[in-house]
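Data first, discussion second: the structure below is written as structure tokens.
The structure presented is a predicted model; accordingly, all values stated were derived computationally and were not measured. Just so you know, ligand 1 is whichever comes first in the structure, and atom 1 is the first atom listed for that ligand.
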Amino acid sequence: MASSAPSSARQVKLERECELRIEVGENSPLRLRLLSGTAEIFGTEIPPEIWLNFPPRLKFAIFTWHGATIEMDGGADTSDYVADETPMISYVNVHAVLEARRNRAKACSSGDSDSSQGPRVIVVGPTDSGKSTLSRMLLSWAAKQGWKPTFVDLDVGQGSITVPGCIAATPIEMPIDPVEGIPLEMPLVYFYGHITPSQLFCGLCSNNIELYKVLVKELAQTLERQFAGNAESRAAGMVINTMGWIEGVGYEEKLCSMLRDVLKSKPKVDVVKLQKSGGVVSRTPKYRQKSRGHRIREYFYGLANDLSPHSNVANFSDLSVYRIGGGPQAPRSALPIGAEPAADPTRVVAVNISQDLLHLVLAVSFAKEPEEIISSNVAGFIYITDVDVQRKKLTYLAPSAGEPPSRILILGTLAWLES
Ligand code: ADP
């Protein structure tokens with residue numbers, strides 16, 4: 001690639017501890033490079049002189065601790081501005097505290113299990129408060145120091161590790177690439193199947209929060225087992241991103257005092273209140289929906305269309321589809337007079353394959369038997385592209401050709417319209 005500056009490029013000089021906030025336009029990508037100094041994107045240093053490409057609609061910031069000059073070459077609809085007030089010092093101070101705790105844990109790694117445990121951070125706050133961004137920074141800064149912290153994503157709405165509708169965990173071995181995100185090596189994934197903890201389900205408003213809690217417990221137990229056998233990842237600890245359950249202005253204050261109150265009896269838990277960055281961009285429901293679609297597309301086709309998913313055909317009889325929850329717990333006749341049958345949120349129900357499956361994303365479970373579905377993580381996902389009820393054949397897109405690792409599929413409400 002030519003290293004000379006294109007005619008449309010312009011330079012931005014950043015003073016120390018300032019950041020350049022960028023929203024790439026709807027229609028054209030952006031290129032930029034670091035001409036001098038040092039700078040990072042959400043905790044990951046950018047290499048000098050190399051042109052980096054950013055896709056349309058990406059919102060991010062380039063922060064410098066000591067000053068930098070950036071050269072940008074983007075479409076007219078890209079917007080950017082420089083901010084000299086950021087909460088980065090307080091964020092990096094949190095990192096320094098975590099770093100000390102990791103070192104302490106490492107020094108005790110042959111000792112008792114409590115002191116060899118590195119820091120476990122959970123980031124909470126409203127939607128669009130910068131939780132994912134802070135999680136990213138803490139992970140990337142730790143990875144830069146050579147740790148392999150575990151990233152746990154409990155946000156079923158966006159899916160920063162895999163497709164939306166899942167909770168997942170993965171070790172972070174290198175600072176996170178600002179464009180490519182988290183590498184999808186072998187994440188530990190549990191399929192919840194919906195994009196909010198309470199979801200309109202088969203026409204019924206069924207609150208699946210119980211299922212969500214059960215899956216979080218399963219994920220936690222599996223991670224706990226992994227940490228028991230791996231002193232290195234135990235000492236590096238975890239960063240857990242959550243979803244914005246706490247909606248509404250003014251809740252931040254409440255959230256912090258509420259947490260302090262609830263955790264009073266747990267002296268080992270510190271509650272640290274951090275400021276939201278002025279750069280965090282609010283995303284409309286429509287934008288979120290679009291980015292969910294992009295995440296699913298990326299799972300099958302890759303970020304740069306670099307994967308070749310395979311269209312497979314299976315007989316209905318080769319696959320077993322299940323959904324979790326929604327079914328009534330007991331017949332009305334078995335209940336006390338006046339009581340309504342409640343949906344059992346963790347009941348596994350076999351589903352007849354029908355046109356209703358069209359355009360849904362299903363998870364391929366590692367379960368061997370239906371009873372194991374809840375406690376099993378998932379191998380991956382398929383996307384239903386055709387249901388031929390007459391011939392009893394199902395056509396689906398999968399990341400690769402051949403048999404899926406299991407015939408047990410889990411159905412939720414995760415849909416996608418391939419465009
Ligand atoms: P949350 O996880 O709380 O919903 P995010 O961390 O995903 O919030 O932030 C919302 C959006 O704002 C994301 O697109 C993110 O890239 C963007 N963003 C966060 N911090 C900044 C910043 N300092 N400058 C520009 N964009 C930012």
Side-chain angles (χ1 to χ4, degrees), residues 12 14 17-26 30 32 39-44 46 52 54-65 68 70 72 74 78-92 94 121-141 151-161 164 167-168 175-182 195-197 239-249 251-252 255-256 273-295 298 303:
V12 182
L14 290 173
E17 289 167 30
C18 287
E19 73 182 17
L20 175 62
R21 295 175 179 161
I22 300 174
E23 276 193 65
V24 185
E26 273 290 317
L30 166 78
L32 64 77
E40 57 184 50
I41 299 175
F42 299 153
T44 301
I46 55 178
L52 305 172
F54 298 86
R57 293 178 300 272
L58 196 74
K59 306 166 200 313
F60 65 104
I62 301 179
F63 178 84
T64 178
W65 292 105
I70 309 290
M72 295 170 71
T78 287
S79 63
D80 63 273
Y81 67 97
V82 174
D84 58 2
E85 268 183 38
T86 76
M88 291 294 278
I89 301 256
S90 60
Y91 292 178
V92 86
V94 170
V121 182
I122 183 159
V123 184
V124 294
T127 308
D128 291 331
S129 57
K131 296 181 300 301
S132 318
T133 306
L134 175 63
S135 304
R136 232 170 215 245
M137 286 185 218
L138 295 175
L139 289 161
S140 289
W141 285 330
F151 176 40
V152 181
D153 191 13
L154 301 183
D155 184 355
V156 290
Q158 294 298 309
S160 44
I161 295 181
I167 57 169
I176 299 166
D177 185 286
V179 177
E180 311 228 321
I182 289 151
I195 50 160
T196 69
V239 177
I240 306 167
N241 184 31
T242 60
M243 56 190 155
W245 282 305
I246 319 99
E247 297 296 332
V249 196
Y251 263 85
E252 277 139 283
L255 174 65
C256 187
K273 190 174 161 187
L274 292 169
Q275 223 191 340
K276 170 181 168 179
S277 165
V280 177
V281 186
S282 293
R283 293 159 296 181
T284 59
K286 196 164 164 227
Y287 179 92
R288 284 168 185 283
Q289 195 190 350
K290 262 195 173 168
S291 31
R292 277 195 285 272
H294 287 135
R295 280 302 283 167
E298 192 185 329
L303 191 66

**Request:** Would you check whether N241 has a nitrogen or oxygen atom less than 3.5 angstrom from a nitrogen or oxygen atom of ligand 1?
**Result:** no
**Message:** Would R288 count as being in polar contact with ligand 1, using the rule that some N or O on each side must be under 3.5 angstrom apart?
**Reply:**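 N/O-N/O distance below 3.5 Å does not exist for this pair.
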**Message:** Once you measure the plane-to-plane angle for W65 and W141, does it fall in the parallel (<30°), tilted (30-60°) or perpendicular (>60°) bin?
**Reply:** tilted
**Request:** For a side chain to side chain contact (heavy atoms under 4.5 Å, CB included) with V239, tell me which candidate from L138, D153, V152 qualifies.
**Result:**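 Exactly one pass, corresponding to L138.
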For [atom], which protein heavy atom lies nearest, and how many Å away is it?
atom                    : answer
atom 8 (O) of ligand 1  : G130 N, 3.2 Å
atom 23 (N) of ligand 1 : E19 OE2, 2.8 Å
atom 24 (N) of ligand 1 : A61 CB, 3.3 Å
atom 12 (O) of ligand 1 : V281 N, 3.0 Å
atom 2 (O) of ligand 1  : S132 OG, 2.5 Å
atom 16 (O) of ligand 1 : K59 O, 2.7 Å
atom 20 (N) of ligand 1 : V280 CG2, 3.7 Å
atom 13 (C) of ligand 1 : R283 NH1, 4.0 Å

Is it true that a side-chain atom of [X] and a backbone atom of [Y] form a donor plus acceptor pair closer than 3.5 Å?
X    : Y    : answer
T242 : V123 : yes
R136 : F42  : no
S291 : R288 : yes
D128 : R283 : yes
Y287 : R57  : yes
S277 : P87  : no
K131 : P126 : yes

Counting heavy atoms only, which part of [X] comes closer than 4.0 Å to ligand 1: side chain, backbone, both or neither?
X    : answer
E23  : neither
S129 : both
Q158 : neither

**Message:** Checking L134 against V94 for the side-chain contact (heavy atoms from CB on, under 4.5 Å) test, could you report, in this order, the C-alpha distance in whole Å, the side-chain angles of both residues, the deciding distance, and whether it holds?
**Reply:** CA-CA 10 Å; L134 175 63; V94 170; over 6 Å; no
**Fill in**
Applying side chain to side chain donor-acceptor pair (under 3.5 Å) to R21 and not counting sequence neighbours gives E19, Y81
**Request:** List every atom of ligand 1 that sits less than 4.0 Å from any heavy atom of S277, numbering the atoms from 1 in the order shown and giving each element.
**Result:**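 Taking each heavy atom of S277 in turn, ligand 1 has 23 (N) under 4.0 Å.
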**Complete:** Numbered in order shown, the ligand 1 atoms found under 4.0 Å of a heavy atom of F42 are 16 (O), 18 (N), 19 (C), 20 (N), 21 (C), 27 (C)
**Request:** Counting heavy atoms only, name the option from T86, T133, T127 that's nearest to atom 5 (P) of ligand 1.
**Result:**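 It is T133 that holds the nearest heavy atom.
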**Fill in**
Candidates S291, G278, G279; heavy atom nearest atom 22 (C) of ligand 1 found on G279
